[in-house]
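Note that the structure is a prediction, hence the values are computed from the model and not measured.
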Amino acid sequence: MTSVPATAPMFQSLGRRSAYLEVAERIRETIFKDKLALFQRMPSERDLAAQFGVSRVVVREAIRTLESSGLVTVKKGPKGGIFVTQDYERPIVDTITNLLAGGEATLDNLFEMRLLIEPYAAARLAESGSAADFALLEARITAAERDHGADRSVRHAYIDFHRQVIRLAGNPLLAIVGETVLLVLYDRVKAVVSAETTEVGLIMHRQLLNACRNRQPAEARQIMAQDIEILSRRFAEFSAGLHEGRKSARPKRKATGAAP
């Protein structure tokens, strides 16, 4: 999505009372066909209803459908309206969150997904990454090392490095799924703090970058997998300790019956 149209897009009447899914599909087609720019303002709900020849209720449902799929966002207030967006991760985030909440998926499953996606992405980067890609990762690592040396948190830098590796692998579908899994997992393990794990992670990130620069995909794959497994073990230890702490904190019931 590049150029911004001079005027808001126009839509032709459907000629009949259409279901909201058809309205949503027409809007979706226009967004991609006309390459509407990110944050381009769409016609108002009232204008869309008039252009399509349907009720505002139908338009409202269509917009909700597009919003849930990450294609548009609705903002309230004087400067509000309907805007084009690219929040494609939203449906996947909702699905994963629901699976976790319902007990159908676990954090171990998320770590397993990372092990399926990120080592592959690292190997792809080692095979086809450019000098600009490696310079980008170098800058991220250097900034994280500087922050760590100043005793500042590098959690966001850790996640950002892994996100960049997934993106630079060059597969947008892989990036959508991989980044979403990474962010959902990170949101749930961010309480796990370990200076030792951070130190090891920074070292491994630099080793991974060196493997990519030297065009060693097998080495890059192995380093990435090891990095993920270290965090997985650390989280398992943290969870076990938390569970034991809760058990010991429970008040003991007084024994009933005859004394021994």
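One distance of note links CD of Glu112 with CG of Asp108; it measures 8.5 Å at 0.5 Å rounding. Asp34 CG to Glu29 CD: the interatomic distance, rounded to the nearest 0.5 Å, is 10.5 Å. The CG atom of Asp147 lies 13.5 Å from the CZ atom of Arg155; values are rounded to the nearest 0.5 Å. Residue Phe32 holds its CZ atom at 4.5 Å from CG of Leu71, rounded to the nearest 0.5 Å. A distance of 11.5 Å separates CZ in Phe134 from CD1 in Ile141, rounded to the nearest 0.5 Å. In this structure, OH in Tyr186 is found 4.5 Å from NE2 in His156, a value given to the nearest 0.5 Å.
Asp227 places no side-chain N or O within donor-acceptor distance of the main-chain N or O of Ile223, the cut-off being under 3.5 Å. Under a 3.5 Å cut-off, the side chain of Asn109 and the backbone N or O of Thr106 do form a donor-acceptor pair. Formation of a donor-acceptor pair under 3.5 Å by the Arg41 side chain with backbone atoms of Phe83 is not found in this model. One N or O on the side chain of Arg215 and one on the backbone of Gly129 form a donor-acceptor pair closer than 3.5 Å. A donor-acceptor pair under 3.5 Å links the side-chain atoms of Ser68 to the main chain of Thr65, judged by distance alone. Distance alone, capped at 3.5 Å, is enough to place a donor-acceptor pair between the Asn214 side chain and the Asn210 backbone.
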Assess whether side chain to side chain contact (heavy atoms under 4.5 Å, CB included) is satisfied between Leu174 and Arg124, documenting all intermediate values. CA-CA 12 Å; Leu174 186 79; Arg124 288 284 297 151; over 6 Å; no
Could you check Leu183 against Arg163 for side chain to side chain contact (heavy atoms under 4.5 Å, CB included), going step by step and ending with a plain yes or no? CA-CA 9 Å; Leu183 293 175; Arg163 291 181 69 180; 4.0 Å; yes
Begin with the C-alpha distance, continue with both residues' side-chain angles, and end with the deciding distance and a verdict on side chain to side chain contact (heavy atoms under 4.5 Å, CB included) for Arg233 and Phe111. CA-CA 10 Å; Arg233 288 196 298 270; Phe111 276 114; over 6 Å; no
Might you work through the side chain to side chain contact (heavy atoms under 4.5 Å, CB included) test for Leu100 and Arg188, ending with a clear yes or no? CA-CA 11 Å; Leu100 290 170; Arg188 284 157 175 76; 3.4 Å; yes
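Cluster annotation: Val93 is connected to Val181 through the hydrophobic network of ILVMFWY side chains, with a link wherever side-chain heavy atoms come within less than 4.5 Å. Taken together through direct or relayed side-chain contacts under 4.5 Å among Ile, Leu, Val, Met, Phe, Trp and Tyr, Leu48 and Val57 form parts of separate hydrophobic clusters. Under the 4.5 Å side-chain heavy-atom criterion for ILVMFWY residues, no single connected hydrophobic cluster contains both Leu137 and Val154. Linking Ile, Leu, Val, Met, Phe, Trp and Tyr whenever their side-chain heavy atoms come within less than 4.5 Å leaves Leu99 and Val184 in two separate clusters. Hydrophobic cluster membership differs between Leu173 and Leu116, with clusters built from Ile, Leu, Val, Met, Phe, Trp and Tyr side chains linked at under 4.5 angstrom.
The pair Arg64-Glu61 counts as a salt bridge, with a side-chain nitrogen and a carboxylate oxygen less than 4.0 angstrom apart.
Nearest heavy-atom pair, Leu115 versus Ala225, reported as atom, atom and distance to 0.1 Å: CD2-O, 3.7 Å. Summarising the geometry of Glu199 relative to His148, their closest heavy-atom pair is OE1-NE2, 2.8 Å, with the distance given to 0.1 Å. A pairwise comparison of heavy atoms in Arg28 and Ser69 identifies NH2-OG, 4.3 Å as the closest pair. Annotation for Ile166 and Ala121: closest pair CA-CB, 4.0 Å, computed over non-hydrogen atoms. Taking every heavy atom of both residues into account, Glu67 and Val74 meet most closely at OE2-N, 3.4 Å. The shortest heavy-atom contact between Leu185 and Arg114 is CD2-CD, 3.5 Å.
Within 6.0 Å of atom CD in Glu138, more than 12 heavy atoms from other residues, nucleotides or ligands are found, so the atom counts as buried in its surroundings. Tyr120 OH: 12 or fewer foreign heavy atoms inside a 6.0 Å radius. Heavy-atom neighbours of Arg46 CZ from other residues, nucleotides or ligands within 6.0 Å: at or below the threshold of 12.
Using a 4.5 Å cut-off on side-chain heavy atoms (C-beta onward), Ile63 and Met42 make no contact. For the pair Val177/Met113, a side-chain contact is recorded, criterion being any heavy-atom separation below 4.5 Å from C-beta on. By the 4.5 Å heavy-atom criterion applied to side chains, Leu110 and Ile96 are counted as neighbours. In this structure the side chain of Tyr158 reaches within 4.5 angstrom of the side chain of His205, judged on heavy atoms.
Across Arg221, Met224, Arg213, His162, a single residue satisfies side chain to side chain contact (heavy atoms under 4.5 Å, CB included) together with Leu208, and that is Met224.
Donor-acceptor pairing under 3.5 Å is recorded for the side chains of Ser130 and Asp133.
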